[in-house]
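In this text, all values refer to a predicted model and were calculated from it rather than measured experimentally. Residue numbering restarts at 1 for every chain, and letters A, B, ... go by the order of the sequence lines. All values below were derived from every heavy atom in this structure, side-chain atoms included, with hydrogens, water molecules and symmetry-related copies excluded.
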2 protein chains.
Amino acid sequence: MHRDMLKGHVDAVVLAILSRGDTYGYAIAKQVNDRSEGVLSLKEGTLYPCLRRLEAEGYVEGYWGGDDDGPRRRYYALTDRGRKHLEHLRAAWSVQQRVIGRLLEEGNA
Amino acid sequence: MHRDMLKGHVDAVVLAILSRGDTYGYAIAKQVNDRSEGVLSLKEGTLYPCLRRLEAEGYVEGYWGGDDDGPRRRYYALTDRGRKHLEHLRAAWSVQQRVIGRLLEEGNA
DNA sequence: GTCAAATACATAGACTATCTATGTATATGG
DNA sequence: CCATATACATAGATAGTCTATGTATTTGAC
């Protein structure tokens, strides 16, 4: 029903989650899926390429660790560049909300 | 700067404009570009295929007319199906606003 | 003790919407 | 007379997301 709702906002959402502290891919996907009223579903085929893209662009830095108990985990940390990029994406989001929202209003001929 | 901001919302925006009355492609693009703080730019290569898609799905109906003064114009009218679809898209938009907005908030660890 | 499920990462391939670029034609204004 | 605005249209490139699949480990149920 509500597919494609993340489209265009995956980078922002991932960076926002990382802004609360280092974490790893699987946990990011879980968080997104859990904190979204059952509406969003961030797929692994989306997330992992996204993390690599963000790393290639210098917005995050990955490191291996925390594989004490289970399978190995690749953690990611937000860089300064990433923090700035996140602010930019948040600003873009708020502009989009306003502008598209106005266009979608009804009866404002 | 603010490119891709329409991404995923072109159909909704076009249907919303048509909900205010029949109009034609070029005028739709103008309206979007003008009513958006100079931020959005709906391209012809996006709009015309979009209108054909919407027509193929039964959400709009096109007809030729109004070519008194200038080049011929193809007008479009929203169908009942299109009106329902627009309501659905507006609802999806509001859900997205809430859900993504919450994920993007800062400091809610 | 074994097998299913959850955890965790990864990649290949398909899909699709949007953009860029280009083309056609008419009317208007300098 | 020629540039610009109007108006529609399509072909091709791009890129992000999804589907599907694969590997490996740990936990829990039976």
note: A/Leu6, atom CG; C/dA17, atom P; distance rounded to Å ~ 18 Å

Between A/Val60 and the options A/Val14, A/Asp22, A/Leu78, the side chain to side chain contact (heavy atoms under 4.5 Å, CB included) test singles out A/Leu78

Q) Between B/Tyr48 and D/dC8, does any side-chain N or O lie under 4.0 Å from OP1 or OP2? A) yes

Closest to the side chain of A/Thr46, out of C/dA10, D/dT6, D/dC18, is D/dC18

Quiz item: Under 4.0 Å between a side-chain N or O of A/Arg52 and OP1 or OP2 of C/dT11?
Solution: yes

Which of D/dC18, C/dC9, D/dA9 is nearest the side chain of A/Lys43? It is D/dC18

Would you tell me whether B/Asp11 and B/Tyr59 have side-chain atoms, one donor and one acceptor, within less than 3.5 Å of each other?
no

Taken to the nearest whole Å, CG/B/Leu47 to P/C/dT20 is 15 Å

Can you find a pair of side-chain heavy atoms, one from B/Val10 and one from B/Val32, that are under 4.5 Å apart?
no

B/Arg72 CZ to C/dA25 P, in whole Å, measures 10 Å

Next on the checklist: Taking 4.0 Å as the cut-off, does a side-chain nitrogen or oxygen of A/Tyr26 come that near to OP1 or OP2 on C/dC9?
Outcome noted: no

* Between B/Arg73 and D/dA7, does any side-chain N or O lie under 4.0 Å from OP1 or OP2? -> yes

Sorted by position of nearest nucleotide on DNA chain D, 5' first, the leading residue of B/Pro49 and A/Leu42 is B/Pro49

DNA chain D nearest-nucleotide lookup for A/Ser41 and A/Glu44: closer to the 5′ end is A/Ser41

A/Asn33 atom CG is separated from D/dT17 atom P, nearest whole Å, by 14 Å

Taking C/dA8, D/dA9, C/dT18 as options, the one with an atom nearest any side-chain atom of B/Val10 is C/dT18

Testing D/dG16, D/dT10, C/dC9 for proximity to the side chain of A/Arg53, the answer is D/dG16

B/Lys30 side chain N/O closer than 4.0 Å to the phosphate oxygens (OP1, OP2) of D/dT6? yes

**Asked** When the ring planes of B/His9 and B/Trp93 are compared, do they come out parallel, tilted or perpendicular, using 30° and 60° as the limits?
**Response** perpendicular

### Query
With a non-hydrogen cut-off below 4.0 angstrom, is A/Gly45 in contact with a base, only sugar-phosphate, or nothing?
base

In whole angstroms, the gap separating C1' of D/dA9 from OH of B/Tyr76 amounts to 10 Å

Residues 39-52 of chain A vs side chain to side chain donor-acceptor pair (under 3.5 Å), sequence neighbours excluded, gives none

Quick note, B/Tyr24 side chain, CB onward, closest among D/dT10, C/dA10, D/dA7 is D/dA7

A/Gln31 CD to C/dT7 C1', in whole Å, measures 16 Å

In whole angstroms, the gap separating C1' of D/dG16 from NE2 of A/His9 amounts to 12 Å

Is the NZ or CZ atom of A/Arg74 positioned over A/Tyr76's six-membered ring, under 6.0 angstrom from the centre and within 45° of the axis?
yes

To the nearest angstrom, the CD-C1' distance between B/Glu57 and C/dT16 comes to 12 Å

